[in-house]
Amino acid sequence: GKKKAADAKKNEFPSFKITGFTQLDSAAYSQSPNNIATVGNAQDGTGFRRARLAVQGKVAEFTSYQVEMDFATAGRPSFFDTYVEQSNIPYLGTVRVGQFCQPFSVDSLTGFRNLTFLERSLPFLAFVPFRRVGAQAANIADDEMSQWAYSVFRTGGYKNAPLGDNRYGVDIGDVGGVSFSTRATHLIQYDPHANDRYLWHIGASYDYSVLGADTAAGSTTQTPFYQTRVLPEFGPLGYSEDAQAFGFANNSTPVFVDSGRYPANHFNLFGLETVYQNGPWGVQAEYMATVVDSIVGNIFYNGAYTQVAYRLTGEHRAYDKKNGTLGRLVPFTDFFSFKKKGIQGMGAWEVAGRLSFVDIRNPDSLNGQYLNGTSNAGNGTLVDSTLGFTWFLNTHTKFQGNWIHCMLNNSDRGHSTANLFVSRVQVDF
Amino acid sequence: GKKKAADAKKNEFPSFKITGFTQLDSAAYSQSPNNIATVGNAQDGTGFRRARLAVQGKVAEFTSYQVEMDFATAGRPSFFDTYVEQSNIPYLGTVRVGQFCQPFSVDSLTGFRNLTFLERSLPFLAFVPFRRVGAQAANIADDEMSQWAYSVFRTGGYKNAPLGDNRYGVDIGDVGGVSFSTRATHLIQYDPHANDRYLWHIGASYDYSVLGADTAAGSTTQTPFYQTRVLPEFGPLGYSEDAQAFGFANNSTPVFVDSGRYPANHFNLFGLETVYQNGPWGVQAEYMATVVDSIVGNIFYNGAYTQVAYRLTGEHRAYDKKNGTLGRLVPFTDFFSFKKKGIQGMGAWEVAGRLSFVDIRNPDSLNGQYLNGTSNAGNGTLVDSTLGFTWFLNTHTKFQGNWIHCMLNNSDRGHSTANLFVSRVQVDF
Amino acid sequence: GKKKAADAKKNEFPSFKITGFTQLDSAAYSQSPNNIATVGNAQDGTGFRRARLAVQGKVAEFTSYQVEMDFATAGRPSFFDTYVEQSNIPYLGTVRVGQFCQPFSVDSLTGFRNLTFLERSLPFLAFVPFRRVGAQAANIADDEMSQWAYSVFRTGGYKNAPLGDNRYGVDIGDVGGVSFSTRATHLIQYDPHANDRYLWHIGASYDYSVLGADTAAGSTTQTPFYQTRVLPEFGPLGYSEDAQAFGFANNSTPVFVDSGRYPANHFNLFGLETVYQNGPWGVQAEYMATVVDSIVGNIFYNGAYTQVAYRLTGEHRAYDKKNGTLGRLVPFTDFFSFKKKGIQGMGAWEVAGRLSFVDIRNPDSLNGQYLNGTSNAGNGTLVDSTLGFTWFLNTHTKFQGNWIHCMLNNSDRGHSTANLFVSRVQVDF
């Protein structure tokens with residue numbers, strides 16, 4: 001008895017389980033002639049947007065780990081959330097070390113598998129550092145109505161790029177390259193008797209990033225720089241080994257806004273967010289502004305989005321108090337495959353709309369300062385309006401369609417539009 | 001009781017398990033001088049031909065998934081069968097969406113881990129689109145004597161190539177690029193009292209593929225094209241990042257027949273197949289013909305193979321009625337490692353022979369039409385005769401050897417021969 | 001009952017479990033001016049040094065398998081120990097076929113997750129072929145005081161390189177390319193009543209490698225060659241797709257000693273080792289010498305290291321009699337996260353020192369013989385002294401710091417020094 005129990009205890013760690021998901025996306029583009037001239041001729045296509053496998057488990061009572069790789073995105077495979085975490089530390093709460101989404105914005109921290117639309121919003125795509133290597137402390141108030149997290153992390157991603165996923169979880173460079181980020185959220189309304197069905201959440205985020213550089217001979221990033229490149233709220237499908245300059249689309253979704261790469265020392269990023277859920281109704285909005293301390297002085301960019309979702313079949317989404325994010329939608333009935341005389345269900349149905357914009361206009365004084373062959377060709381503003389529907393066949397399988405109407409105002413080439421008709425089949429496990 | 005059962009139900013999904021296999025191949029080549037001059041000096045070598053891991057499970061009662069990656073083939077890793085599947089749908093049967101082997105040919109759909117020889121036959125290698133992203137419906141007759149499947153899928157693989165595995169599960173291009181494929185099989189003899197030991201299966205397949213192109217500026221595949229490249233029934237070992245033109249063999253098994261790349265709009269592919277099993281005897285044969293609607297009119301290619309296997313130790317192979325394919329051989333006794341006074345077994349032993357050919361001769365009118373630096377240098381006919389043996393140590397471990405005698409008739413350089421002495425250690429799980 | 005048992009038996013194989021580990025390293029360099037001039041300006045950085053996932057299990061009573069990939073090192077992913085193994089064979093013992101660490105040196109065969117310092121010693125880094133594809137037999141004496149292993153394997157790794165991990169488990173080339181390696185160890189002192197706490201182990205290794213070449217047109221390795229490149233006992237962090245010549249450090253830890261690449265036919269490698277453990281004290285030392293049969297006659301290189309570790313908290317390390325290696329340290333108490341009124345522990349604490357050197361000086365007669373653009377610029381001697389500490393939070397989580405003082409004597413540029421302040425967060429499962 002006793003020995004057996006001790007053995008069981010002994011064999012409990014390490015534990016493991018596998019989780020992951022795949023997203024198979026299709027896209028059909030309709031671009032105005034000036035849009036083709038500006039961003040390139042976007043090709044229709046079908047392909048895996050994400051294919052992610054993670055191993056997670058515990059190695060001791062308060063120590064857990066995760067190793068997550070994505071086989072569809074740029075690194076083929078790329079490092080995603082790969083970290084070790086120690087919980088129950090006084091004052092600090094839960095400490096995490098590794099590569100993970102830095103604490104900033106509810107859009108950023110809501111898991112990919114639970115997105116309302118096919119991709120996150122324009123301001124997220126434009127401004128948030130996202131997955132980096134660092135250390136974070138996170139905690140929650142005793143009444144569970146507030147949570148907060150803060151982290152220090154290496155600024156640079158792949159080749160010191162300050163934004164976008166750090167595909168290999170590596171940052172190298174003797175210059176700068178340290179960031180601080182924090183986010184705090186609070187539930188100002190929460191019905192404790194109705195699960196997460198009725199709530200109102202507000203939050204704020206702040207990030208200070210010292211940009212980094214690699215000063216070794218032969219490095220292509222000898223100067224700290226800033227660059228943001230914005231996709232039209234639909235992700236890349238294609239062969240990431242072939243890099244694309246702005247204005248090209250030969251093998252992937254083209255970039256719609258590109259600030260170019262220019263010398264800069266640091267940036268300050270601010271964010272405000274709110275989430276409101278009233279049964280089948282969900283509303284979410286964010287505003288972000290970034291101030292880049294560049295070689296020509298401060299450059300100001302900003303963006304925002306607001307989105308509304310309605311579940312025709314009445315469901316709501318779960319809320320994760322620990323992370324201050326929305327979670328999964330669980331359909332009231334699964335879509336049962338029809339047996340001959342069997343039960344039938346419809347799954348859950350959601351419709352949603354989003355309006356988002358980013359303003360990434362560069363001052364003329366930057367001309368002549370751009371690095372690595374980039375230029376002022378891509379800067380401008382982008383407004384997207386999106387209509388979407390989601391059919392949840394069951395808790396883990398969904399089919400989504402989005403119509404994205406992009407209104408681009410490129411500083412060089414002026415106004416152009418594109419319509420994206422995009423769909424996704426997703427299974428998660 | 002009741003709550004516990006409900007909890008168990010709740011926790012049942014998603015489920016996962018890991019399956020996979022590795023194949024470690026060795027090759028020694030003996031080429032005639034003209035063969036070296038024609039295809040390049042093939043180097044002896046040892047290496048992993050395939051190393052595949054898949055996660056599979058169910059996310060709802062009738063919804064299953066698989067994510068499969070191969071770490072040895074071209075993409076390092078490459079997408080293999082990665083899909084979500086919904087069963088029990090009336091009329092349609094089982095619907096699958098994702099990347100998977102399109103329904104065509106018994107040789108194609110027999111799993112790699114259950115091949116009689118080290119690789120599939122010449123006509124398969126030459127003509128079958130194989131793994132693509134698409135949607136398939138498959139069903140089986142009530143008496144389980146017939147099954148059929150049909151699919152629509154994106155034609156293009158890696159950079160719009162119409163044949164060979166689609167290594168990243170992506171197809172991009174504004175032109176064409178949609179295919180239809182179907183296969184139906186029937187058991188005209190099946191002894192229901194002897195498992196799968198006595199059976200005679202026939203089948204037919206058809207594929208119509210509209211070839212695709214990427215018209216964006218900078219694309220290297222602006223015109224829909226056809227190209228087939230045939231290996232000598234032994235797979236590539238090497239560093240796939242270095243592409244090889246026809247006639248080179250610096251780091252891999254060389255291509256023996258190459259049609260070159262030429263403009264074409266679509267192709268029609270036809271296949272006939274039969275499988276016969278009489279206890280330890282197994283016979284299998286297929287014929288395939290493809291008609292390419294090219295820039296110079298219809299081009300006709302064809303090929304066939306026939307193979308015989310005999311299990312010295314008496315075993316037969318399982319038969320999968322749902323897919324109309326042969327399955328695993330389960331040895332009567334395992335090869336037990338000899339304990340000092342312990343039991344001993346021999347495993348199972350199989351000998352087999354195969355004769356296969358492809359005829360891929362181009363009309364002279366194609367000269368001057370070849371794309372991307374290809375030419376008419378590689379077209380011709382290839383006949384392979386193969387002798388093979390397999391030692392099954394147990395249900396999951398086998399050692400195989402093949403002697404492949406290749407008789408190549410290159411349109412430019414005439415007749416040449418090569419002998420390949422190749423072996424494999426395989427474990428699957 | 002009976003049927004159920006038979007079913008259980010039937011379902012027992014194949015089994016699988018997942019194991020792996022991640023190492024997140026950080027480095028700060030302080031180089032003397034001449035060191036920067038000699039090896040390049042090493043950049044500070046943080047990144048994953050190793051991120052390894054393995055699937056392992058049994059497919060029959062005496063047949064086991066492992067598939068292991070690393071997502072952080074050069075191949076992204078790279079093949080690591082991937083093999084099938086049959087045990088209980090008389091005379092031979094356990095036979096393994098696949099890619100694995102060839103039997104040579106206790107430093108080499110001690111698993112990465114159990115290293116005392118962040119990386120293995122200079123002589124290991126300089127001389128040992130390490131992971132290759134081959135076949136090995138291993139056995140242990142009846143009294144378990146001695147074990148031995150021997151193997152034949154393909155000499156070449158990635159593009160016929162004779163040393164360093166064979167990232168893709170492939171070796172190709174018509175010339176040479178076969179090696180033999182063996183290692184035997186003996187416990188001359190072992191207290192059977194105290195687990196592995198008191199022991200004295202000695203061992204010897206020998207490797208004979210016939211160097212290989214790929215003679216196909218277009219190959220960059222047409223001549224058998226020798227080359228060794230030595231890192232300063234800290235591993236590469238960075239983007240391995242960009243190769244670095246000696247003297248560059250734009251995206252990774254620079255190589256400190258590089259023999260250059262020169263024609264050679266074979267080499268003989270010898271090793272002696274000892275391990276001593278007295279409770280919390282551990283001592284380990286090795287000597288290695290290699291004789292390269294080069295185009296200018298025999299070239300002699302050698303190296304050695306000695307290291308001492310002391311566990312402040314009293315623990316010892318496990319010993320693996322089957323492999324003749326040290327294993328894991330299990331802390332007496334875990335570092336418990338502090339609960340409000342809860343239990344507390346400190347984990348285990350270890351301090352250690354190591355002195356190591358390699359002498360890789362080339363004769364002048366090699367000038368003019370170097371291949372592939374290499375030269376005599378990198379040859380010389382390197383001495384490292386290292387101070388290290390390890391905090392084991394629990395059996396599977398540790399935090400390590402090393403101060404490595406490198407004393408380089410480059411044949412061209414003379415003496416220079418570098419100090420590396422490096423740390424690691426590791427979790428294994």
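Between C:Q102 and the choices C:S151, C:S181, C:S209, the side chain to side chain donor-acceptor pair (under 3.5 Å) rule is met once, by C:S151. Screening B:Y158, B:F80, B:F79 against B:Y168 for a ring pair (Phe, Tyr, Trp, His ring centres under 6.0 Å) leaves a single residue, B:Y158.
Between the side chains of B:N394 and C:T63, at least one donor-acceptor pair of N or O atoms lies under 3.5 Å. Checked by atom type, the side-chain pair C:D70/C:T73 shows a donor-acceptor distance below 3.5 Å.
In summary, C:D81 and C:R131 engage in a salt bridge, as defined by a charged side-chain N under 4.0 Å from a carboxylate O. Ion pairing between B:R49 and B:E119 holds under the 4.0 Å rule for side-chain N and carboxylate O. Using a cut-off of 4.0 Å between Lys/Arg side-chain N and Asp/Glu carboxylate O, C:E85 and C:K58 are scored as not salt-bridged. Between B:R317 and B:E350 there is no salt bridge, since no side-chain N of the basic residue sits under 4.0 Å from a carboxylate O of the acidic one.
Residue contact with chain C, scored on non-hydrogen atoms closer than 4.5 Å, involves the side chain of B:L53 exclusively. Contact annotation for C:T215: both backbone and side-chain heavy atoms come within less than 4.5 Å of a heavy atom of chain B. Heavy-atom distances place both the backbone and the side chain of B:T46 under 4.5 Å from chain C. Using a 4.5 Å cut-off between heavy atoms, C:A213 touches chain B through its backbone atoms (N, CA, C, O) alone. At a 4.5 Å heavy-atom cutoff, the contact between C:Q99 and chain B is made by backbone and side-chain atoms alike. For C:I18, the part sitting under 4.5 Å from any heavy atom of chain B is the side chain, from C-beta outward, and nothing else. Contact of B:L237 with chain C is made through backbone and side chain together, with heavy-atom distances under 4.5 Å. Looking at B:A28, there are no atoms closer than 4.5 Å to chain C (heavy atoms on both sides), in backbone or side chain. Interface remark: B:F48 contributes backbone and side-chain atoms alike to the contact with chain C (heavy atom separation under 4.5 Å). Interface remark: B:D25 contributes no atoms to any contact with chain C (heavy atom separation under 4.5 Å). With a 4.5 Å cut-off on non-hydrogen atoms, C:F153 does not touch chain B at all.
When each of B:T397, B:T19, B:I36 is scored by its heavy-atom pairs under 4.5 Å with chain C, the top score falls to B:T397. In terms of heavy-atom pairs under 4.5 angstrom with chain B, the leader among C:V170, C:D174, C:D171, C:V59 is C:D174. Contact tally against chain B (heavy-atom pairs below 4.5 Å) for C:T220, C:T82, C:V97: the top residue is C:T82. No other option in C:G57, C:G218, C:S219, C:G169 has as many heavy-atom pairs under 4.5 Å with chain B as C:G169. Listed options C:D214, C:V175, C:V133 were ranked by heavy-atom pairs under 4.5 angstrom with chain B; first place goes to C:D214.
For the pair C:R261 and C:F225, the distance from NZ or CZ to the six-membered ring centre is under 6.0 Å and the angle to the ring normal is within 45 degrees. Seen from the ring of C:Y83, C:R96 counts as a face-on cation partner, given the 6.0 Å and 45° thresholds.
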